[in-house]
There are 2 protein chains.
Amino acid sequence: MDIIEPMVQDIRTLGLPALLSFHTVAREGGISAAAARLGMAKSGVSRHVTQLESHFSVRLLERGARSVRLTPVGQKLDDRIRSILAEVDLLEDIAREESVGVSGQVTIAATPEFGGLVATELFPEIRARHPDLTLVMRPDYAFEDMQDPGTDLAFRVGTFKDDRLIALELGGFRRALVASPAFLKDHPVQAPNDLVNAPCLTFRGDRPGATWRFQKDQARSQIEVDGPIAVRSFGILLQLAIAGHGLANLPEFMLGDALKSGALARCLPDWSQGVNPVFLTFRPGARKVARVAAVIEQASTKLPGLVTVETARPHV
Amino acid sequence: MDIIEPMVQDIRTLGLPALLSFHTVAREGGISAAAARLGMAKSGVSRHVTQLESHFSVRLLERGARSVRLTPVGQKLDDRIRSILAEVDLLEDIAREESVGVSGQVTIAATPEFGGLVATELFPEIRARHPDLTLVMRPDYAFEDMQDPGTDLAFRVGTFKDDRLIALELGGFRRALVASPAFLKDHPVQAPNDLVNAPCLTFRGDRPGATWRFQKDQARSQIEVDGPIAVRSFGILLQLAIAGHGLANLPEFMLGDALKSGALARCLPDWSQGVNPVFLTFRPGARKVARVAAVIEQASTKLPGLVTVETARPHV
DNA sequence: GAACCATGGGTTCAATTATATCCATCTGTT
DNA sequence: AACAGATGGATATAATTGAACCCATGGTTC
């Protein structure tokens, strides 16, 4: 009849509860703790683990006297199992939305500035369409794991590495070097090299200083800048620049008002900086959850117009 | 003690076998057929489905007299379930490789031309590292679903939409408009508009004709070309161009030899065409499977140098 | 510092409980 | 009548628990 023979058989002997037990052991760091968390007898958890071990014919836990550690294979498997359990959770969401409608809560992570843009530009329309939906913006520079439930979507700027997430490229933005007009009168900046000893207001990331790259026609310039003030907030950098404390290199989308009102002026307007791509990331199954899809859709239709300076490439 | 309370509980009553049964029903189009495929009593399959339905409180199947159809929710859920089952399968692979080592088979889909590039440039080194690994290249212009096991990796050119796959951007290539020197002597092409009535050798995709876009400084030109010969193979287009049958617009990476030997010459060399991005796509968990990871790693380290014309952006 | 025990975590085992599966039967449609 | 799916009861299978068991560590004591 049918040619496709190789279908999954082993799943039968592999239970979701066993996967959950093992994953909980990995999370909690011990069988007793996992059993407490799951509200079941520790013998059951122990059995689940051994069951998986014999199923895979691989040792998943290094048994110490008072503790267990994951073996390398155990770690790999746990990582996948975590994803699987998260995907299974989504099944519930998808089904529930069918009867209850789009409601509940969507949690979105983004940098504070970008989060502001997203919240002001996107949230009103989403809320108008889905009144029962609660949108939670979690502004943070540190990107979280997103494998544990809690965050549904994350806007990320620039490169990142995570196999387990879908990344939707929304466009990109440029940065602009700006300072207050008064400051520029005292500290004229004609070329990128003038920045070396200038008071640059840098974003304080993991390490001090920053590298700013400029390009003009074929000329490229890469400057290691530093300055008296470094802050872990672009918003504060913006205020500092307006107050005339130095040069700031800020995303274009933050500068609209300040440039119009004349509070800030561009430096080196002929020199362009590369495009910072903006990605929207989420777990693979998330797009099938209607309330998450609503936000994704809104973001992918409306945001490109807001941040894209040049159309870079077809979106994924 | 711990703050993190919301952990999955429902999984307990949700069995992988039930998911498998439902998915098989969806695949086979009926409960009896599914039961036959799974080698179990049809009553069991029926129970599994009703069990899921009551678990989710949603109807998954439209019951007809002699057939069942998936409800919209059923389709969504089945789509996710399919992914989940595939991910569960990967668990076995990951575990097995720990004891057996990297072996087995990796199936890779790509267009015939690109497949050739991949096979010649990538396969030797991979095979040298993993002698027990069998690499299967499946050249095909039609991209398959990749949700059903069978294809582990797929190289894709240009845009695509599939939430369920991870896309790794490897770089991009440009196309070049070429023809034989003899042909060009008879049919000089000075500007893109000259192509309108020229005998263009087009790739026969889903619909006839093609749109070629050219750019020179700020000038942009978009030409709807057509011609006497349309073939669903870039390789044959290359041969036709060499034989002097017309103009072909081919990927740069195919043209090395023909341009060097003088068999082909560039047309409109001042006009550039956009970069065609190349993606490597795979199921989310696939990278954790060592034998697949070996190919991904090789591709992502070696291919960018082969196809990238300009570094577009940091890879994901 | 060596011997000692008490503690906490992991495993094993048997009994109980729950669950899945099958076969036969029933219902409804074509 | 024939086929596809649903239902129900009997049986076998599997999951869960709680108590007993191990065993390494850490602290205590001498």
Side-chain angles (χ1 to χ4, degrees), chain A residues 1-2 7-71 74 78 85 88, chain B residues 1-2 7-71 74 78:
Chain A
M1 299 270 144
D2 249 309
M7 266 211 76
V8 200
Q9 291 293 338
D10 303 319
I11 285 181
R12 291 217 177 122
T13 56
L14 219 169
L16 239 10
L19 296 183
L20 177 59
S21 287
F22 171 63
H23 172 61
T24 310
V25 171
R27 269 174 64 102
E28 301 289 327
I31 289 188
S32 301
R37 159 61 44 90
L38 294 169
M40 55 190 286
K42 54 182 187 171
S43 63
V45 176
S46 174
R47 240 175 61 79
H48 276 160
V49 174
T50 50
Q51 175 186 333
L52 287 182
E53 287 184 323
S54 72
H55 177 93
F56 291 134
S57 334
V58 173
R59 244 189 158 32
L60 298 175
L61 296 179
E62 298 271 13
R63 267 81 165 174
R66 278 166 181 252
S67 66
V68 290
R69 285 196 320 280
L70 289 181
T71 61
D78 176 54
L85 295 178
V88 171
Chain B
M1 301 267 148
D2 249 311
M7 265 211 78
V8 198
Q9 291 293 340
D10 304 319
I11 285 181
R12 291 221 180 117
T13 56
L14 219 169
L16 239 10
L19 296 182
L20 178 59
S21 286
F22 171 63
H23 173 61
T24 310
V25 171
R27 269 173 64 102
E28 302 289 327
I31 289 188
S32 302
R37 157 62 45 90
L38 294 169
M40 54 190 286
K42 55 181 187 172
S43 64
V45 177
S46 175
R47 292 193 102 76
H48 276 161
V49 174
T50 45
Q51 175 187 334
L52 286 183
E53 287 183 322
S54 70
H55 177 93
F56 291 133
S57 336
V58 173
R59 253 204 147 18
L60 298 174
L61 296 179
E62 298 272 11
R63 267 83 165 174
R66 290 187 169 227
S67 66
V68 290
R69 285 196 321 279
L70 289 181
T71 61
D78 176 54

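In what follows, every chain begins at residue 1, and chains take the letters A, B, ... in the order their sequences are listed. As a basis for the values below, the full set of heavy atoms in this structure was taken, side chains included, without hydrogen atoms, waters or symmetry mates.
Note that the CD1 atom of A:I31 and the OG1 atom of A:T24 stand 11.5 Å from one another [nearest 0.5 Å]. With values rounded to the nearest 0.5 angstrom, A:R47 atom CZ is found 10.5 Å from A:S21 atom OG.
Atom CD in A:E53 sits about 8 Å away from atom P in C:dT11, given to the nearest Å. Distance, B:M40 CE to C:dT19 C1': 13 Å, rounded to whole Å. With rounding to whole Å, B:I31 atom CD1 is found 10 Å from D:dT7 atom P. Between the CZ atom of B:F22 and the C1' atom of D:dG5 there is a distance of 16 Å, given to the nearest Å. Atom CZ in B:R69 sits roughly 15 Å away from atom P in C:dT29 (whole-Å rounding). Between A:L61 atom CG and C:dG9 atom C1' the separation is 13 Å, expressed in whole Å. Taking atom CD of A:Q51 as the reference point, atom P of C:dT11 lies 14 Å away to the nearest angstrom. When the P atom of C:dG9 is taken as reference, atom CD of A:E28 falls 12 Å away, rounded to whole Å.
Within 6.0 Å of the CZ atom in A:R69, the count of heavy atoms belonging to other residues, nucleotides or ligands does not exceed 12.
The minimum heavy-atom distance between B:V45 and B:A34, with the atom names listed, is CG1-CB, 4.3 Å. Counting all heavy atoms, side chain and backbone alike, B:S32 lies closest to B:K42 at OG-CD, 3.9 Å.
Contacts with DNA chain C (heavy atom under 4.0 Å) in residues 41-49 of chain A: A:K42, A:S43, A:S46, listed by number.
By the salt bridge (Lys or Arg N to Asp or Glu O under 4.0 Å) test, B:R59 is found to be paired with B:E53, residues two or more places apart in sequence or in another chain being considered.
Nearest nucleotide to the side chain of A:S32, out of C:dG10, D:dA6, D:dT17: C:dG10.
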